[in-house]
Every structure is written in structure tokens, then in C-alpha cells.
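Lettering follows sequence order; numbering is per chain, from 1.
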Number of protein chains: 2
Amino acid sequence: MENVDPTARRPRGRPPGFDRELALDKAMRLFWDRGYEAASMDELTVAMGISPSSLYGAFGGKAQLYAQALDHYVAGPGAYVLPILAADLPTRTAFERLYETAAFELTRADQPRGCMVAATETQCSPAAEGVRAAVAERRLQAVRAYEDRLRRGIESGDLAADIDVGALARFLMTVQQGLSVQARDGASREELLAVGRTAMRAWPET
Amino acid sequence: MENVDPTARRPRGRPPGFDRELALDKAMRLFWDRGYEAASMDELTVAMGISPSSLYGAFGGKAQLYAQALDHYVAGPGAYVLPILAADLPTRTAFERLYETAAFELTRADQPRGCMVAATETQCSPAAEGVRAAVAERRLQAVRAYEDRLRRGIESGDLAADIDVGALARFLMTVQQGLSVQARDGASREELLAVGRTAMRAWPET
DNA sequence: CATTTTCCATAACGATCGTTCCGAATATCT
DNA sequence: AGATATTCGGAACGATCGTTATGGAAAATG
């Protein structure tokens, strides 16, 4: 934190007239709900409560705003994933909890449905290819995080050493992606929970 | 078939200068690759080899063209699903084969990657809400087809009568949707096959 | 209070969006 | 041949896209 001290030296000119974090949060929610291309600058500026010139001054442009909104998502509404993987739980329990939490988070009434990363930006115009690639990279990171967690499970002995870590991690991610589509299509929390429980039946015998 | 007879009576005016089915096929591939909104009329007319006026005359407009392209997909590249469900196979074998075939179809070099239905149009501008709803309805139909197949399995005795048909069907569909995202992200055929095999471990004991 | 610096609302930009209009082309029917 | 019917290519439409330029308001410093 900085600049919370009222006596702190402020820069020379007129101070910004909006809360940067709050504006970013509004942008995140619109991108999350609509996707990158379907969220227009007009809608963004209205949602954020700022003018185009302010948006460009503070964030750089639409693509850069999306990138920051994506970070804001991963650090905010999507931040539930890593702590569950990092927690001191049996490996199987960790993924059970991951799906339970996902079922809850993907269907919250106070948020757009689904995940901003899992199943978005799979199609786009050539102009948005950069954004698509950035989101796809996030998905790849998630698979790698799953793999790391599974390897840790093997090391700690609660997962057989001969399992195909890549295949299992990719399967677990596949279910997450499918859950996100289902959530966007209006599936209920209970339905997602049932899907997650069914998926966990694929867990390898120890 | 009709109008294959060369002596058949032609309608009054100038005959169309393009093959309607072929043009629809080209449109389908572009929509399949790009999604509805990211495929522009300009690109569509170029890909189809016709002018905007011909497109409107023959298909009605962009949204109607998409609807017909979606039918064309389901009757064409996406037609592999229903025969597998209808085939006289053990229920479990049917879904094993479905995933094997999906892994093959979703990664064909001569087609856009992924499925045109499974994980597309989950986000869009308000103007395209109708298209989004139409694709979502197709997804719902697929889940229902899975449920029907599972119920048939219970009747024929190769599936326990007390299983949660809805949950299992939805899980199977969830995996299909996730596979489509993976395919679009560049996953290999072998990786998708491995995911499918892993998913089938969730199959209930008989 | 004057000056300096920054912010921001508005308007305008060129490009592209989906759609429509119009004249020329090409067929059949009388 | 002339009238009629249908299609086609291309230009043009209004709307909206993301972005930038302009100019005045606001709040700091000196």
C-alpha cells in the first residue's frame, strides 16, 4: 500500500478522479461476461464510469486493459484455485475440494457465470489473436499447476507412482473447462457438484 | 434428390451461378473456425465466392446463414455422434467409442479444430444473443441424447438401475466440451484419447 | 494569485460492421 | 424479337468499431 498517508507528497498536477482498482474491477466483470471482442469500448467506459481518454491514459488501450483485467481476475475471483492446490490435503481430497469450490464459484449470483479463463476466447477475429493466445497460455499454466500437484501427491505417497500425470492433469482440467461451459449455459450449482463428484470417480486407485 | 434430370423445367429468370451446398459448406467452415461474430460478411462472401446480394438472396442474412451452417455441421462433420449412440453396442463401449471418435474428429487436419457446438458462442454481444441461445439449445439436446442412451442401457441391463442418469450424462457432455476447448488450444490426438480413457474410468460399476 | 501540470469530456477520425439498393446480365415465356 | 423474371457484382448506406486530437476544468506548486 502507498499514498494512504494524507500528508504524503502528491504529484504536481490534477489527481485522477476515479479509483483505478474499482474501474479495473468493472472492466473485468464486463470482459468476463462478454468476452474480449464483444465488450465494446463504449460499454467499458460506461461501466467503468470514465471517459475514453482516461481509459487510454490509465490502461493503455482495450487489449492492455483486457490483460490487466485478466490479471485482476486471476488475483481476485479466480484466486480460489491455487490455495486449494497448495493446502496440506491428500491429493484426491484437494481436487474434490477444487471441484466443490468451482461449482460454487462458477454459479455465484453476484458474478458472471463461468470462469474467465477456462473456456473463453477459443474463437476470435485475427485482430484479437494476441488476446486469445494469452488466455490459452493461462489454461496451459493451470494444467501445469495440476501436474505439479499430482507429482507432489506421488512424492508424498498418496498417488501411485506409475500413473500418467499428464493425462490425469489434462483430464482434471478438461472437466473444469466443461464445467465452465455448463455454468454459462445455466446449469445449477447442484448439477455442477454432481458432475464434479462423477468426475472424481475416475481417480486412480491408490 | 431432384432436378438432376437435365430435361427438368428450369425456373423463369437467370439461374444461380453458384452451388448452394458448396457455398454453405464454406460458410460453415468459417463460422466453425471463427465463431459467429468474428466471421465478417466480407470474409464470408470471399470464402463462399459469392456477392452480398447473392448471400442475402440465398440465405437471408448473416444470422440465418449461421443457423443453416449449424444444421449443415450437425448433418455433416458433427454427424458422427448419433450413429454411435444408436449402434447396437454395450452402453459403456458406445461412449468409449464416442470419445475415441471425438479425439479423432476434433483434431483433423482438414477441418477447423474442436466442435462447432460443444464449447462455442458462450460469450457474445447482446445483438448475437439469439445465435448463442440456438447453440446452447443444441448442447442441451446432446445431453438429452446421452440421457436417452443411458436409460436404454439400464433397460438392456448393462447399466445399474440406480445410477443418476442426469449426472452421468452431464458429466459425459462436460468432458466433450472440455475436449473441444483442448482441441482448439492445440492438444494432440493422443492427448485427447488419453483424456477420454481417463474419463471413462468414472463409469459406474455394473 | 499566477503558473504549471494533469485530467477528462467531447468530438472527430478512418476503418469496418451488416445490410440494401441498383443496373447489368442471363435465363424463360409469349 | 420482346416482355418478364431472377440473379449478380459493386457501390453506397447508416451505424458502430477502437482510437486520437482538442481544449477547458481542476488541483497542485511557487
| task | Have a look at the helix from dC1(C)-dG30(D) to dT30(C)-dA1(D) and give the angle its two end axes make, five pairs each, rounded to 10 degrees. | result |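 Overall, the helix from dC1(C)-dG30(D) to dT30(C)-dA1(D) bends by 10° from one end axis to the other.
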Charged N to carboxylate O below 4.0 Å: is that the case for [X] and [Y]?
X	Y	value
R29(A)	D110(A)	no
R132(A)	E129(A)	yes
K62(B)	E37(B)	no

Just the rounded figure in Å: distance from [atom2] of [N] to [atom1] of [X].
X	N	atom1	atom2	value
L65(B)	dT19(C)	CG	C1'	14 Å
D19(B)	dT7(D)	CG	P	15 Å
K62(A)	dT20(D)	NZ	C1'	17 Å
L55(A)	dA21(D)	CG	P	16 Å
I50(B)	dG18(C)	CD1	C1'	14 Å

| field | Closest heavy-atom pair and its distance - A199(A), Y99(A) | value |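 In this case the closest contact between A199(A) and Y99(A) is CB-CE1, 4.3 Å.
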| request: Verify the contact: side-chain N or O of S54(A) to OP1 or OP2 of dC8(C), cut-off strictly under 4.0 Å; return yes or no. | output: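 Yes, S54(A) has a side-chain N/O under 4.0 Å of OP1/OP2 on dC8(C).
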| field | Any S51(A) side-chain N or O less than 4.0 Å from OP1/OP2 of dA9(C) | value |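 Result: yes.
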| said: Are there over 12 heavy-atom neighbours, none belonging to R97(A), within less than 6.0 Å of that residue's CZ? | reply: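 It does not: R97(A) CZ has 12 such atoms or fewer within range.
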| query | Does NZ in K26(B) sit with more than 12 non-hydrogen atoms of other residues, nucleotides or ligands closer than 6.0 Å? | reply |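 Counting other residues, nucleotides and ligands, NZ of K26(B) stays at 12 neighbours or fewer.
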| Parallel, tilted or perpendicular: rings of W203(A) and F95(A) (30°, 60°) |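 Rings of F95(A) and W203(A): tilted, 30 to 60°.
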| Taking the six-membered ring for Trp, are Y66(A) and F31(A) parallel (under 30°), tilted (30 to 60°) or perpendicular (over 60°)? |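 The arrangement is perpendicular - the two ring planes meet at more than 60°.
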| query | Do the side chain of E121(B) and the main chain of Y36(B) share a donor and acceptor less than 3.5 angstrom apart? | reply |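 Here the side-chain-to-backbone pair exists.
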| query | What one-letter contact string describes nucleotides 20-30 of chain C from 5' to 3', where B marks a base within less than 4.0 Å of any protein heavy atom, S marks contact via sugar-phosphate atoms alone, and - marks no contact? | reply | BB---BBBBS-
| request: Report which part of the nucleic acid G17(A) touches: base, sugar-phosphate, or nothing (heavy-atom distance under 4.0 Å, all strands). | output: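 Sugar-phosphate contact only - G17(A) comes under 4.0 Å of backbone atoms but never of a base.
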| Evaluation steps, salt bridge (Lys or Arg N to Asp or Glu O under 4.0 Å), between R152(A) and E155(A) | CA-CA 5 Å; R152(A) 185 155 73 82; E155(A) 285 169 21; over 6 Å; no
| request: Please list residues of residues 26-47 of chain A whose heavy atoms come under 4.0 Å from any atom in DNA chain D, ordered by number; otherwise none. | output: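 DNA chain D contact set from residues 26-47 of chain A: A39(A), S40(A), M41(A).
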| query | Would R197(B) and E190(B) count as a salt bridge (Lys or Arg N to Asp or Glu O under 4.0 Å) if you check the C-alpha gap in whole Å, the side-chain angles of each, and the deciding distance to 0.1 Å? | reply | CA-CA 10 Å; R197(B) 279 193 295 265; E190(B) 290 69 30; over 6 Å; no
